[in-house]
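Working notes, structure below.
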Amino acid sequence: MQKLWQMVKKYPFSTVCFVLIWILSFLPFPEMEPLEEVPFMDKWTHIVMYGGTCCVLWTEYLRKHTSIDGEKLFFYAWLMPVLMSGLIELLQEYCTTYRGGEWLDLMANTTGITLAVGYGLLLWRLRK
């Protein structure tokens, strides 16, 4: 538990973003007629939500470290968010009556997370 608290203190903005994803993922949302006409609006939302969160994570990581640990970053900044996204999709499908899990949502989330990796690596290269 102490290690978790240290991570929260070290990455406060990322923590807030991840908590918001969990909250937003289980709130029932009303249909929004004008936005439904935008093609793939839901998928764009997933890409921005997960990509933005992971960009915040990369920014906080790079502000606190002078070098990068590829294994830790792969685990915490790519694999864990992808697994979290999959878990949320499964919980939406099987544990709610008002939300559904979708493979395309998982793919959109993974796309956002992967784009954030590109952002983080670019930011790291520019910082050198």
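What you see below is based on every heavy atom in this structure, not just the backbone, and it leaves out hydrogens, waters and symmetry mates.
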(message) Could you report the tightest heavy-atom contact between His65 and Tyr11, atom names first, then the distance?
(response) CE1-OH, 3.1 Å

(message) Side-chain heavy atoms nearer than 4.5 Å, only ILVMFWY residues, links allowed to pass through others: does that put Leu104 and Phe40 together?
(response) no

(message) According to a hydrophobic-cluster definition based on side-chain heavy atoms being under 4.5 Å apart (Ile, Leu, Val, Met, Phe, Trp, Tyr only), do Ile23 and Ile21 belong together?
(response) yes

(message) On a heavy-atom basis, which atom in Ser85 and which in Leu106 lie closest, and how many Å separate them?
(response) OG-CD1, 3.3 Å

(message) Is there a path of hydrophobic side-chain contacts, each under 4.5 Å between heavy atoms of I/L/V/M/F/W/Y residues, joining Leu62 to Leu115?
(response) no

(message) Does atom CZ (Phe13) have a neighbourhood of more than 12 heavy atoms from anything else shown, all under 6.0 Å?
(response) no

(request) Would you please classify the geometry between the Trp58 ring and the Tyr61 ring as parallel, tilted or perpendicular, with 30° and 60° separating the classes? (result) perpendicular

(request) Output the distance between atom CE (Met84) and atom CD1 (Ile113), rounded to the nearest 0.5 Å. (result) 7.0 Å

(request) Measure the SG-CE distance between Cys54 and Met80 for me, rounded to the nearest 0.5 Å. (result) 11.5 Å

(request) Measure the spacing between CD of Gln6 and CE of Met1 and express it to the nearest 0.5 Å. (result) 12.5 Å

(request) Find out whether Thr110 and Met107 are in side-chain contact, i.e. whether some heavy atom of one side chain is under 4.5 Å from a heavy atom of the other. (result) no

(request) Could you tell me whether a side-chain N or O of Gln92 sits under 3.5 Å from a main-chain N or O of Gly101, the two making a donor and an acceptor? (result) no

(message) Hydrophobic clusters here meaning ILVMFWY residues chained together by side-chain heavy-atom distances under 4.5 Å, can you tell me if Tyr50 and Leu73 are in one?
(response) yes

(message) I'd like to know whether the aromatic ring centres of Phe74 and Trp78 sit less than 6.0 Å apart in this structure.
(response) yes

(message) Looking at Tyr94, I'd like to know if its OH atom is crowded, meaning that more than 12 non-hydrogen atoms belonging to other residues, nucleotides or ligands lie closer than 6.0 Å.
(response) no

(request) Begin from the C-alpha positions of Trp5 and Lys10 and carry the test side chain to side chain contact (heavy atoms under 4.5 Å, CB included) through to its verdict. (result) CA-CA 9 Å; Trp5 180 245; Lys10 197 170 189 178; over 6 Å; no

(message) Starting from Val56, can I reach Val48 by hopping between I/L/V/M/F/W/Y residues whose side chains sit under 4.5 Å apart?
(response) no

(message) For Trp22, is the CH2 atom crowded, meaning more than 12 foreign heavy atoms sit under 6.0 Å from it?
(response) yes

(message) Please determine whether a side-chain nitrogen of the Lys or Arg among Glu89 and Arg99 lies less than 4.0 Å from a carboxylate oxygen of the Asp or Glu.
(response) no

(request) For residues Asn109 and Ile88, determine if any side-chain heavy atom of one lies less than 4.5 Å from a side-chain heavy atom of the other. (result) no

(request) Find the distance between CZ (Arg63) and CG (Leu123) and round it off to the nearest 0.5 Å. (result) 10.5 Å

(request) Might you confirm whether atom CZ of Arg127 has over 12 heavy atoms from other residues, nucleotides or ligands at distances under 6.0 Å? (result) yes

(message) On a heavy-atom basis, which atom in Ser14 and which in Leu57 lie closest, and how many Å separate them?
(response) OG-CA, 3.0 Å

(request) Kindly indicate whether the side chain of Glu102, heavy atoms from C-beta on, has any atom under 4.5 Å from the side chain of Lys43. (result) yes

(message) Can a side-chain donor-acceptor contact be found between Tyr119 and Thr59 if the only test is distance below 3.5 angstrom?
(response) yes

(message) Before you tell me yes or no, could you show the steps for Phe18 and Thr15 under side chain to side chain contact (heavy atoms under 4.5 Å, CB included), namely the whole-Å CA-CA distance, both residues' side-chain angles and the distance that decides it to 0.1 Å?
(response) CA-CA 5 Å; Phe18 280 111; Thr15 301; 6.0 Å; no

(message) Counting neighbours of NZ on Lys64 that are heavy atoms of other residues, nucleotides or ligands and sit closer than 6.0 Å, is the number greater than 12?
(response) yes

